[in-house]
Visitor: 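First the structure, then my questions, so here it is.
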Amino acid sequence: MSKHTLSIGKYRALQRASTDNGIFTILAIDHLDSLRRAIHADAPQRVTDEQMTQFKQEVVLNLMAEISGVLLDPVYSAGQLISEGLDKSVGLLVELEKADYEMNPLPLAVDIRPNWSVEKIKHMGADGVKLFYYYDPDDTELCAKQNQTLATVIEDCSQYDIPLYAEPIMLNTTPDNRTRKIYESAKIASELGADILKLEFPIDVTVDTDISHWRDACIKLSSIGKPWVLLSAGVTFDVYCQQVEIACQAGASGFMAGRAVWGDVAKIEDSAQRLEWLQSTGIERISRLGEIAIQHSTPWTEHYLPPQISPSWHENY
């Protein structure tokens, strides 16, 4: 496969967010509205800011020994966890978009969080920027809006020398068009300059149970030529394990796991019981995913060349 060249800052940041072998084993808990619903499905508006922060801290601090990186939000967790003891060996990714809309669905056009920026994410010492956005390659008007925002963010990430993890989430998919739409959306993000692709599983596994189809669809994503990680999209843990194994065997560079890992513990109200769950089932889950990814993944270094450094490299940096 042809390799791309990365700047020295992005290369170093990817090293920090991955294992020593270049595999991403990342815990995602940047969730806002969806976390409120997970904690209190009947009345998510009752979940306080303090409860949000406490839950995120409990999950991360108890699982961080098993992960290469963590994806956090700027409101309830990124700064707080640095302050409360996030291990320095854990890479830090931070979301850029505004993702809390008073329990309403996100608007289709991505909205950068007010008073937040790539520059601030870099200045806080993070190792990556994540941008979630809805996408439909068949919707020309939406594509134009999202591509413009994505291109601007990519330019900012280049300026501040920090990797962008692009997360296109599909609209209007059917079992027949899901693979094509995810592939086309990922390819566009790659061509615009996203460094890492955070992608949905490209098959509706509730409809198509043929593992060979799963593998072929993942191989197609890998043919784009950029490192990609599999998000969990709220599927059950067992299903996610199967998806991660297939994706990594087909060329993915690891996972970025959210509710498939911690969704069940969010339903536990008692803090002591949550702690017990995290230190047993939680660790077992994230460890199992890590073992799968490390065994089967394609390292991101297979896609990116290290920067070529001369004695004068720093003069124009």
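Hydrogens, waters and symmetry mates are skipped; everything else that's a heavy atom, side chains included, is used.
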Visitor: Give a yes or no on whether Asn115 atom CG has more than 12 heavy-atom contacts from other residues, nucleotides or ligands under 6.0 Å away.
Guide: no
Visitor: Taking the side chain as everything from C-beta on, heavy atoms only, tell me whether Leu71 gets closer than 4.5 Å to Tyr165.
Guide: no
Visitor: Could you check whether the rings of Tyr304 and His4 sit parallel, tilted or perpendicular, using 30° and 60° as the cut-offs?
Guide: tilted
Visitor: What heavy-atom pair brings Ser68 and Ser18 nearest, and what distance separates the two atoms?
Guide: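 In this case the closest contact between Ser68 and Ser18 is CB-C, 3.5 Å.
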Visitor: Has Lys226 got a side-chain atom pairing as donor or acceptor with Ser190's backbone, closer than 3.5 angstrom?
Guide: yes
Visitor: Crowded around Gln148 CD? As in, over 12 foreign heavy atoms under 6.0 Å?
Guide: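 No - once you tally the heavy atoms of other residues, nucleotides and ligands closer than 6.0 Å, there are 12 at most.
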Visitor: Kindly say whether Ile246 contributes a backbone atom to a donor-acceptor pair with the side chain of Arg215 at under 3.5 angstrom?
Guide: no
Visitor: Heavy-atom count around Glu155 CD within 6.0 Å, excluding the residue itself: above 12?
Guide: no
Visitor: Please tell me if the side chains of Val110 and Leu131 come closer than 4.5 Å, counting only heavy atoms from C-beta onward.
Guide: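 Yes, their side chains come closer than 4.5 Å.
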Visitor: Verify the ring-centre separation between Tyr11 and Trp300: is it less than 6.0 angstrom?
Guide: yes
Visitor: So which atom in Ile29 and which in Ser77 form the shortest heavy-atom distance, rounded to 0.1 Å?
Guide: O-OG, 4.3 Å
Visitor: For the residue pair Asp204 and Arg178, what are the closest heavy atoms and their distance?
Guide: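 Nearest pair, atom of Asp204 first, then Arg178: N-CD, 3.5 Å.
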Visitor: With the threshold set at 4.0 Å, does a side-chain nitrogen-carboxylate oxygen contact exist between Lys56 and Asp73?
Guide: yes
Visitor: Taking the basic N atoms (NZ, or NE/NH1/NH2) and the acidic carboxylate oxygens, is any pair closer than 4.0 Å for Arg285 and Asp238?
Guide: no
Visitor: Any idea which heavy atoms bring Ala13 and Asp127 closest together, and the distance?
Guide: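 For Ala13 and Asp127, the tightest heavy-atom pair comes out as CB-O, 3.3 Å.
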Visitor: Does Asn21 reach the main-chain N or O of Ile23 with its side chain, forming a donor-acceptor pair under 3.5 Å?
Guide: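 The answer is no, because no donor-acceptor pair under 3.5 Å joins these two groups.
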Visitor: Using the side chain to side chain contact (heavy atoms under 4.5 Å, CB included) definition, which of the options Asp195, Ile196, Thr298, Thr301 pairs with Pro227?
Guide: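 Only match with Pro227 under side chain to side chain contact (heavy atoms under 4.5 Å, CB included): Ile196.
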Visitor: Would you call Lys181-Asp139 a salt bridge at under 4.0 Å N-O?
Guide: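 So Lys181 does not pair with Asp139 through a salt bridge.
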Visitor: Heavy-atom distance under 4.5 Å between the side chains of Gln242 and Trp214, does that happen here?
Guide: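 Touching, per the 4.5 Å side-chain cut-off.
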Visitor: Hey, could you give me the CG/CD1 distance between Leu96 and Ile112, rounded to the nearest 0.5 Å?
Guide: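 Result: 4.0 Å between the selected atoms.
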Visitor: Would Lys10 and Asp161 pass as an ion pair if we require N to O under 4.0 Å?
Guide: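 Answer for the salt bridge query: no.
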Visitor: Using a strict 4.0 Å threshold on nitrogen-to-oxygen distance, state whether Glu284 and Arg288 make a salt bridge.
Guide: no
Visitor: Below 4.5 Å, heavy atoms only, C-beta onward: do Leu199 and Leu231 meet side chain to side chain?
Guide: no
Visitor: With a 4.5 Å cut-off on side-chain heavy atoms, are Met170 and Tyr135 touching?
Guide: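 Yes, their side chains come closer than 4.5 Å.
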Visitor: I'd like to know whether CD of Glu276 has more than 12 heavy-atom contacts from other residues, nucleotides or ligands below 6.0 angstrom.
Guide: no
Visitor: Distance from Gln146 atom CD to Ser185 atom OG, nearest 0.5 Å?
Guide: 10.5 Å
Visitor: If you measure only the distance, is there a donor-acceptor pair under 3.5 Å linking the side chains of Glu58 and Ser271?
Guide: yes
Visitor: Supply the atom-to-atom distance Lys220 NZ to Arg180 CZ, rounded to the nearest 0.5 angstrom.
Guide: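 Rounded to the nearest 0.5 Å, the NZ-CZ separation comes out at 10.5 Å.
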Visitor: I'd like to know if the side chain of Gln295 pairs up with that of Glu291 as donor and acceptor (distance under 3.5 Å, no hydrogens or angles considered).
Guide: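 Per modelled atom types, Gln295 and Glu291 side chains form no pair under 3.5 Å.
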Visitor: Between Gly225 and His303, which heavy-atom pair has the shortest distance, and what is it?
Guide: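 Looking at all heavy atoms of both residues, the closest pair is O-ND1, 3.2 Å.
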Visitor: Inspect the contact between Glu167 and Lys130 and indicate whether a charged nitrogen and a carboxylate oxygen are less than 4.0 angstrom apart.
Guide: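 Counted as a salt bridge, because a side-chain N and a carboxylate O are separated by less than 4.0 Å.
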Visitor: To check you understand the geometry: which heavy-atom pair defines the closest contact between Leu61 and Leu86, and what is its length?
Guide: CD2-N, 4.3 Å
